[in-house]
*Asks:* 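Have a look at this one.
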Amino acid sequence: MKAVELEKSYNPKDFEDRIYADWKDNGCFRPSSEATGKPFTIVMPPPNVTGILHMGHALNNLLQDTLIRYHRMCGRPALWVPGTDHAGIATQNVVERQLKARGLRRQDLGRERFVEETWKVKEKHHAIITKQLEKIGCSCDWSHERFTMDDGLSRAVRESFVSLYERGLIYKGNYLVNYCTHCGTALADDEVEYKNLPGKLYQVRYPHADGSGFITVATTRPETMFGDVAVAVNPADERYRELVGTMVILPLANKPIPIIADSYVDMEFGTGMVKITPAHDPNDWEIGKRHGLEMVNILNPDGTLNENVPEAYRSMDVLTARKAVVKDLEAGMFLIGKKEHNHDVGHCYRCSTVIEPYLSEQWFVSMEQMARKALDAWQDGKLSFYAKRWENTYSHWLGNIRDWCISRQLWWGHRIPVWYCDSCGHMMVERDDPSECMACKSKDIHQDTDVLDTWFSSWLWPFSTLGWPDDTDDLARFFPTSTLVTGYDIIFFWVSRMIMASLEFLDDVPFSDIYITGLVRDKMGRKMSKSLGNGIDPLEVVDQYGADAMKFTLCYMAAQGQDILIDMESFKLGSRFANKMWNATRFLLMNLEGRKLVELQEDSLQVMDRWMYHQLNEAAAKVATAIESYRFNDAAQTIYDVFWNDFCDWYVEATKHSLFSKDDAQRDRQVSVMLDLLASLMRLMHPFVSFITEEIYQKLPNTTGRVIDAPYPRHSENRSYPEAKAIVDAMQEFVRGIRSLRSELQIPPERKLHVVFRPDSGFVATQFIESHVELISSFIGASDLDIDENHASEVGKTVPVAGLGFEAFVFVRDAIDVDSELKRIESDLVKTEKSLEGTLKKLSNAQFLANAKSEAVDKEKGKQAEFEEKLEKGRKHLALLRTLQE
RNA sequence: GGGGGGUUAGCUCAGUGGGAGAGCUCCUGCCUUACAAGCAGGCUGUCGUGGGUUCAAAUCCCUCACCCCCCA
């Protein structure tokens with residue numbers, strides 16, 4: 001073989017793009033048609049098409065990538081469906097902002113041209129987000145890519161709307177909804193974010209209609225008084241019992257309204273009298289319904305006051321009106337006080353405008369029945385959340401569900417498939433666009449102007465992307481999907497609704513496992529946000545450290561159920577690891593010159609080889625367990641340890657001797673084993689560090705094809721070598737003991753030591769050390785290493801080192817400071833004595849012996865022997881050193 | 001008001017019933033030709049507080065404190 005030259009340092013830019021293109025162009029991301037296992041499917045949570053990939057997306061998608069690569073290598077047909085979401089409000093906002101920059105409003109273009117314009121923007125942004133997903137290495141099947149407004153998905157949306165309508169689960173009605181005056185649309189309850197803000201609590205006098213004085217109500221929103229239809233008191237409130245049923249006069253409007261009794265009223269709050277504004281407050285809405293009160297809407301859709309308020313206030317926006325009303329109340333002596341008051345104010349989750357409760361005609365999905373089914377599916381064990389505690393969130397939300405407002409007064413989105421006849425008023429809910437009224441045959445029909453909530457298309461995602469409502473092969477093969485990876489912020493919006501839709505339309509859960517990722521935060525624990533400027537751009541991480549470094553670092557830090565706190569520096573972890581992989585490979589490949597691959601026989605494996613196979617085998621078992629229980633950090637830590645600590649620090653170092661020996665057969669054998677191990681390690685690590693493992697794998701002379709397609713290492717009894725493990729463990733203890741002594745005594749590396757190794761009889765590594773004197777000597781920097789079971793320590797010349805099953809004596813009399821050495825051993829002895837004491841206490845406890853598991857008792861006994869041996873040797877060495885003190 | 005989470009080394013965090021861990025930082029010594037993005041060695045803990053269960057608690061239960069999130 002020829003030596004292979006690798007660049008001196010790891011430079012991911014040299015190969016990441018090339019490798020991605022190679023994978024993509026060669027269909028590596030498509031589910032294998034040969035794989036016979038049970039399909040493994042993930043649908044990617046579709047990012048907002050006009051959004052930009054942020055760290056949360058990176059985490060989320062890289063974990064999906066890890067899963068899909070693992071299962072693909074395990075031989076399952078693996079499908080990862082990518083796609084994007086049309087994000088109604090957000091996208092419309094983006095386009096409107098662009099128009100505004102040109103001095104235009106969407107109304108200037110008209111609906112049709114505006115939508116055309118939006119499609120153009122969508123196309124442009126789509127390329128960006130796709131490119132970003134590729135850049136970070138997502139191995140999703142682009143041939144399956146979908147967009148929520150594709151023809152197919154649009155058909156799914158329409159089918160689901162019409163069929164729910166037919167089942168009586170969709171209805172239209174005049175209700176109080178959350179309305180964003182900036183976006184000009186209704187929002188669902190869970191699209192409102194509440195922020196606690198300082199405000200004022202105004203105390204306002206309403207005169208009795210009979211002129212007998214005043215009552216006082218407290219309100220944070222005096223401008224809504226024109227929508228007041230009553231004043232309520234608690235029926236149990238003795239102070240006001242007499243007043244119930246009498247009338248008061250609404251100031252400024254001069255309108256009489258009744259005093260009513262309702263137990264909703266909190267007697268302690270304010271004056272215990274509440275103005276009731278059913279059209280502008282959800283609680284008042286409920287009260288209004290209970291008491292059959294009129295609903296007086298005082299707002300226009302743009303948030304200004306309408307004709308239901310006195311003329312002076314019309315066309316004012318809410319805040320202006322509030323000031324004007326307060327001023328006029330003051331002037332009329334109606335305002336008798338105001339105080340600071342913090343309260344929760346709803347804001348639009350897309351634009352942060354204050355939400356107005358607004359009475360309007362909207363479409364709703366009736367949720368109770370579907371929620372029941374979704375709850376049952378969970379209770380029947382068909383769904384598992386990781387971490388499990390999210391199941392509480394899920395079940396709690398479903399148990400307290402409210403109907404879902406799905407109409408949006410936007411132009412961008414799926415238009416509601418409902419038509420109205422302008423001649424006879426007939427309403428049609430149709431799968432195919434009608435051309436005439438089905439009742440009166442009039443051609444004079446128009447479609448509902450509203451569009452559907454974007455989530456009304458995303459909730460179909462796990463099956464609409466696979467071809468539903470058609471009976472497709474994809475649907476048969478890949479549905480239900482396996483795992484959903486998403487953030488906890490959309491358990492309500494999306495996860496629960498997908499489960500409901502799936503159960504409703506396909507009578508099955510959409511996925512069985514739901515992995516909830518943590519939130520990516522900065523080092524101070526703050527959410528990454530544009531306004532704080534504390535975000536990290538994933539592409540910048542890729543640019544600086546490479547996609548592998550980013551992925552490995554995120555996996556390493558992704559402890560189940562925990563948020564991830566990172567800064568740019570954090571990615572050094574992954575970067576260093578990749579660099580280590582690069583250099584270990586570089587070393588091996590530069591030693592290939594003139595070597596040839598030999599077939600590896602079981603009996604040609606030496607102790608170190610067996611040990612390394614054993615470690616690799618154990619690691620494979622640990623990684624499999626970790627991944628299958630969604631413990632990404634455990635998996636990442638396992639490969640880190642086995643590659644760095646075992647392979648690089650011990651195995652490669654140990655094999656340098658055979659690699660540099662004169663014996664060609666020995667060298668060929670060693671190179672062949674190392675290449676085999678390295679190839680296996682690349683396969684093991686590929687899901688976590690994908691590009692570099694591919695780059696390295698393909699450079700290895702003992703591999704063919706791509707690592708992405710290679711089989712994943714599985715734990716195998718044939719690769720378990722506990723004897724080799726015991727030997728190497730013992731050897732390592734010896735080596736560490738000497739190294740530690742050398743370091744403590746500050747003996748410089750160039751000074752080679754004379755060491756006598758004295759094993760107890762039956763010590764497990766004696767033979768190994770005997771036959772590897774040269775190797776061990778290099779580990780400990782010895783010029784002479786004698787093995788002598790009967791060695792009698794030479795007082796005055798050596799320093800003793802003790803280990804389990806052996807002692808060693810180092811000829812460094814001149815180097816030691818006896819007093820500090822005594823101190824060191826003494827403090828060791830104290831620790832050991834304490835440990836022994838604890839163990840003896842347990843073993844002398846009859847309760848312990850009676851109740852503890854037998855393994856626990858055996859373990860304690862083992863510890864006792866170990867501590868006693870340590871103590872004995874330590875005391876002997878102490879005595880030995882004391883003779884030097886004189 | 002209801003629910004959930006967190007509190008372990010200087011920092012960021014693993015660790016769910018039997019001898020306190022990792023990475024980073026820090027200290028010491030090394031450019032040992034794969035890697036100074038490295039090697040070898042080392043320091044550091046009342047596992048938030050107080051109680052309980054248990055032969056045995058960082059781990060299970062309860063109390064309290066502080067921090068964070070969600071819902072109303």
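Each chain gets a letter, A, B and so on, in the order its sequence line appears, and its residues count up from 1. Quick caveat, the model's predicted, so the values are computed rather than measured. All values below come from the heavy atoms of this structure, side chains included, with hydrogens, waters and symmetry mates left out.
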*Asks:* What is the nucleic acid contact for Glu653(A), judged by heavy atoms within less than 4.0 Å: base, sugar-phosphate only, or nothing?
*Replies:*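 Touches a base.
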*Asks:* Which nucleotide sits closest to the side chain of Gln847(A): C55(B), A34(B), G19(B)?
*Replies:*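 Of all the options, the side chain of Gln847(A) is nearest to C55(B).
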*Asks:* Could you tell me which nucleotide pairs with C13(B) by Watson-Crick or G-U wobble geometry, both distances under 3.5 Å, or answer none if nothing does?
*Replies:*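 Checking every strand shown, C13(B) finds its partner in G21(B), with both distances under 3.5 Å.
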*Asks:* Could you check whether Glu860(A) pairs with Lys863(A) (Lys NZ or Arg NE/NH1/NH2 to Asp/Glu carboxylate O, under 4.0 Å)?
*Replies:*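 Salt bridge: yes.
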*Asks:* Contact class for Asn845(A) (heavy atom, under 4.0 Å): base, sugar-phosphate, or nothing?
*Replies:*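 Sugar-phosphate contact only - Asn845(A) comes under 4.0 Å of backbone atoms but never of a base.
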*Asks:* Stepwise, does the ring-ring contact (aromatic ring centres under 6.0 Å, His included) test hold for Tyr515(A) with Phe632(A)?
*Replies:* CA-CA 11 Å; Tyr515(A) 178 82; Phe632(A) 294 95; 5.1 Å; yes
*Asks:* Considering only G19(B), G5(B), A34(B), which nucleotide approaches the side chain of Glu866(A) most closely?
*Replies:*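 Nucleotide nearest to Glu866(A)'s side chain: G19(B).
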*Asks:* Could you report the tightest heavy-atom contact between His54(A) and Gly56(A), atom names first, then the distance?
*Replies:*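 What the structure gives for the nearest pair is ND1-N, 2.9 Å.
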*Asks:* Quick one: on RNA chain B, does Trp397(A) or Lys870(A) contact a more 5' nucleotide (nearest heavy atom)?
*Replies:*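 The answer here is Lys870(A).
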*Asks:* Give the C-alpha distance, both sets of side-chain angles, the deciding distance and a yes or no for salt bridge (charged side-chain N to carboxylate O under 4.0 Å, His left out) between Lys873(A) and Glu869(A).
*Replies:* CA-CA 6 Å; Lys873(A) 284 178 178 159; Glu869(A) 183 186 333; 2.5 Å; yes
*Asks:* Is the shortest distance from a Lys or Arg side-chain nitrogen in Glu855(A) or Lys859(A) to a carboxylate oxygen in the other one below 4.0 Å?
*Replies:*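 Lys859(A) and Glu855(A): not salt-bridged.
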*Asks:* Establish, yes or no, whether a centroid distance under 6.0 Å links the rings of Phe15(A) and Trp582(A).
*Replies:*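 When the ring centroids of Phe15(A) and Trp582(A) are compared, they turn out to be within the sub-6.0 Å range.
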*Asks:* Under the side chain to side chain contact (heavy atoms under 4.5 Å, CB included) criterion, do Lys388(A) and Gln560(A) qualify, and how do the steps go?
*Replies:* CA-CA 10 Å; Lys388(A) 193 168 172 55; Gln560(A) 203 175 84; over 6 Å; no
*Asks:* Are Lys8(A) and C35(B) close enough that a side-chain N or O sits under 4.0 Å from OP1 or OP2?
*Replies:*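 For C35(B), OP1 or OP2 has a side-chain N or O of Lys8(A) closer than 4.0 Å.
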*Asks:* Without decimals, in angstroms, what is the distance between Leu843(A) CG and G19(B) C1'?
*Replies:*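 Result: 12 Å.
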*Asks:* Whole angstroms only, please: what is the CG-P distance between Asp489(A) and G5(B)?
*Replies:*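 Whole-Å distance recorded here is 18 Å.
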*Asks:* Output the rounded distance in Å from CG (Asn11(A)) to P (C35(B)).
*Replies:*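 Roughly 17 Å, once rounded to whole Å.
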*Asks:* If you look at every strand shown and take non-hydrogen atoms under 4.0 Å, does Lys656(A) touch a base, only sugar-phosphate, or nothing?
*Replies:*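 Since a base atom lies under 4.0 Å of Lys656(A), the category is base.
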*Asks:* Between the protein and nucleotides 46-48 of chain B, which nitrogen or oxygen pairs are less than 3.5 angstrom apart?
*Replies:*
none

*Asks:* Roughly how many Å apart are U12(B) and G18(B), using the P atom of each and rounding to a whole number?
*Replies:*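 One P to the other, the span is 27 Å.
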*Asks:* Could you give the distance separating A22(B) and U32(B) at their C1' atoms, to the nearest angstrom?
*Replies:*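 Approximately 27 Å lies between the C1' atom of U32(B) and that of A22(B).
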*Asks:* In Watson-Crick or G-U wobble terms, both distances under 3.5 Å, what is the partner of G1(B)?
*Replies:*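 C71(B) - that is the nucleotide pairing with G1(B), both distances being under 3.5 Å.
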*Asks:* Provide the distance between the two P atoms, one in C47(B) and one in G10(B), to the nearest whole Å.
*Replies:*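 Straight-line distance between the two P atoms is 12 Å.
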*Asks:* Using the C1' atoms only, state how far G50(B) lies from C55(B), rounded to an integer number of Å.
*Replies:*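 Between the two C1' atoms, the distance is 24 Å.
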*Asks:* Taking the minimum atom-to-atom distance to the side chain of Ala852(A), which one of C55(B), A22(B), C35(B) wins?
*Replies:*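 Nearest to the side chain of Ala852(A) among the choices is C55(B).
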*Asks:* Look at Lys863(A) and G19(B) and indicate whether a side-chain polar atom (N or O) is within less than 4.0 Å of OP1 or OP2.
*Replies:*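 Answer yes for this pair, as a side-chain N or O of Lys863(A) is under 4.0 Å from OP1 or OP2.
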*Asks:* Evaluate the side chain to side chain contact (heavy atoms under 4.5 Å, CB included) criterion for residues Trp378(A) and Leu398(A): first the C-alpha distance (whole Å), next the side-chain angles of each, then the deciding distance (0.1 Å), finally the verdict.
*Replies:* CA-CA 11 Å; Trp378(A) 166 66; Leu398(A) 287 176; over 6 Å; no
*Asks:* Could you tell me the separation between the NZ atom of Lys580(A) and the P atom of A37(B), rounded to a whole number of Å?
*Replies:*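 Rounded to whole Å, this separation is 12 Å.
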*Asks:* Could you tell me if Lys656(A) sits above the aromatic ring of Phe587(A), with its cationic atom closer than 6.0 Å to the ring centre and no more than 45 degrees from the axis?
*Replies:*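 That pair qualifies as a cation-pi contact.
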*Asks:* For the side chain of Tyr556(A), counting heavy atoms from C-beta on, which of G4(B), G18(B), G23(B) is nearest?
*Replies:*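 Ranking G4(B), G18(B), G23(B) by closest atom to the Tyr556(A) side chain puts G23(B) first.
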*Asks:* Once each nucleotide of nucleotides 11-17 of chain B is scored for protein heavy atoms under 4.0 Å, what B/S/- sequence comes out, 5' to 3'?
*Replies:* -SSSS--
*Asks:* For the P atoms, the ones on C43(B) and on C27(B), what distance do you get once it is rounded to whole angstrom?
*Replies:*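 After rounding to an integer number of Å, I get 16 Å for this pair.
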*Asks:* Verify the contact: side-chain N or O of Asn851(A) to OP1 or OP2 of C55(B), cut-off strictly under 4.0 Å; return yes or no.
*Replies:*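 Checking C55(B) against Asn851(A), a side-chain N or O does come within under 4.0 Å of OP1 or OP2.
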*Asks:* Please give, in whole Å, the distance from A22(B) C1' to Phe632(A) CZ?
*Replies:*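 Taking CZ of Phe632(A) and C1' of A22(B), I get 20 Å after rounding.
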*Asks:* For G38(B), does either OP1 or OP2 sit under 4.0 Å from a side-chain N or O belonging to Arg576(A)?
*Replies:*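 So the side chain of Arg576(A) is within the cut-off, an N or O lying under 4.0 Å from OP1 or OP2 of G38(B).
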*Asks:* Could you tell me whether the side chain of Asn633(A) and the main chain of Ala636(A) form a donor-acceptor pair under 3.5 Å?
*Replies:*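 No; zero donor-acceptor contacts below 3.5 Å.
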*Asks:* Determine whether Lys831(A) and Phe867(A) satisfy the following criterion, side chain to side chain contact (heavy atoms under 4.5 Å, CB included), listing intermediate values before the conclusion.
*Replies:* CA-CA 10 Å; Lys831(A) 270 185 216 160; Phe867(A) 295 145; over 6 Å; no
*Asks:* Walk me through whether Phe779(A) and Arg739(A) qualify under side chain to side chain contact (heavy atoms under 4.5 Å, CB included).
*Replies:* CA-CA 8 Å; Phe779(A) 277 159; Arg739(A) 281 174 174 173; 3.8 Å; yes
*Asks:* Please tell me which of the listed nucleotides, C39(B), G23(B), G19(B), lies nearest to the side chain of Leu573(A)?
*Replies:*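 Nearest nucleotide to the side chain: G23(B).
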*Asks:* Please tell me which of Ser575(A) and Thr585(A) maps to the more 5' nucleotide of RNA chain B, matching each residue to the nucleotide holding its nearest heavy atom.
*Replies:*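 Counting from the 5' end, the first nearest nucleotide belongs to Thr585(A).
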*Asks:* Which nucleotide in the set C69(B), C35(B), G19(B) lies at the smallest distance from any side-chain heavy atom of Arg586(A)?
*Replies:*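 Selected nucleotide (nearest to the side chain): C35(B).
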*Asks:* In residues 730-740 of chain A, what residues come within less than 4.0 Å of RNA chain B, judged by heavy atoms?
*Replies:*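 Heavy-atom cutoff 4.0 Å gives Arg736(A), Arg739(A), Ser740(A).
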*Asks:* For A57(B), what is the paired nucleotide under Watson-Crick or G-U wobble rules, both distances under 3.5 Å?
*Replies:*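 Partner of A57(B): none found under 3.5 Å.
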*Asks:* Can you check the Trp644(A) CH2 to A40(B) C1' distance for me, whole Å?
*Replies:*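 That distance rounds to 14 Å.
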*Asks:* Given the P atoms of G4(B) and C64(B), what is the spacing between them in whole Å?
*Replies:*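 My reading of the P atoms in G4(B) and C64(B) gives 14 Å.
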*Asks:* What does Phe492(A) touch in the nucleic acid at a heavy-atom separation under 4.0 angstrom: a base, only the sugar-phosphate, or nothing?
*Replies:*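 Contact class for Phe492(A): sugar-phosphate only.
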*Asks:* Between Asp784(A) and Lys752(A), does the salt bridge (charged side-chain N to carboxylate O under 4.0 Å, His left out) criterion hold? Intermediate values first, please.
*Replies:* CA-CA 8 Å; Asp784(A) 298 278; Lys752(A) 300 303 171 201; over 6 Å; no
*Asks:* For the residue pair Thr638(A) and Asp641(A), confirm or rule out a side-chain donor-acceptor distance under 3.5 Å.
*Replies:*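 Short answer, no.
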*Asks:* To the nearest Å, how far apart are Asn583(A) CG and U33(B) P?
*Replies:*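 It is 14 Å, rounded to the nearest whole Å.
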*Asks:* For C66(B), what is the paired nucleotide under Watson-Crick or G-U wobble rules, both distances under 3.5 Å?
*Replies:*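 Per the H-bond distance test, G6(B).
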*Asks:* For the pair made of CG in Leu753(A) and P in A40(B), what is the distance, rounded to whole Å?
*Replies:*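 Taking CG of Leu753(A) and P of A40(B), I get 17 Å after rounding.
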*Asks:* Verify whether one side chain among Asn645(A) and Tyr640(A) offers a donor that lies under 3.5 Å from an acceptor in the other.
*Replies:*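 No.
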*Asks:* How is Asn591(A) classified with respect to the nucleic acid when contacts are heavy atoms under 4.0 Å: base, sugar-phosphate, or nothing?
*Replies:*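 No contact at all - Asn591(A) keeps every heavy atom at 4.0 Å or more from the nucleic acid.
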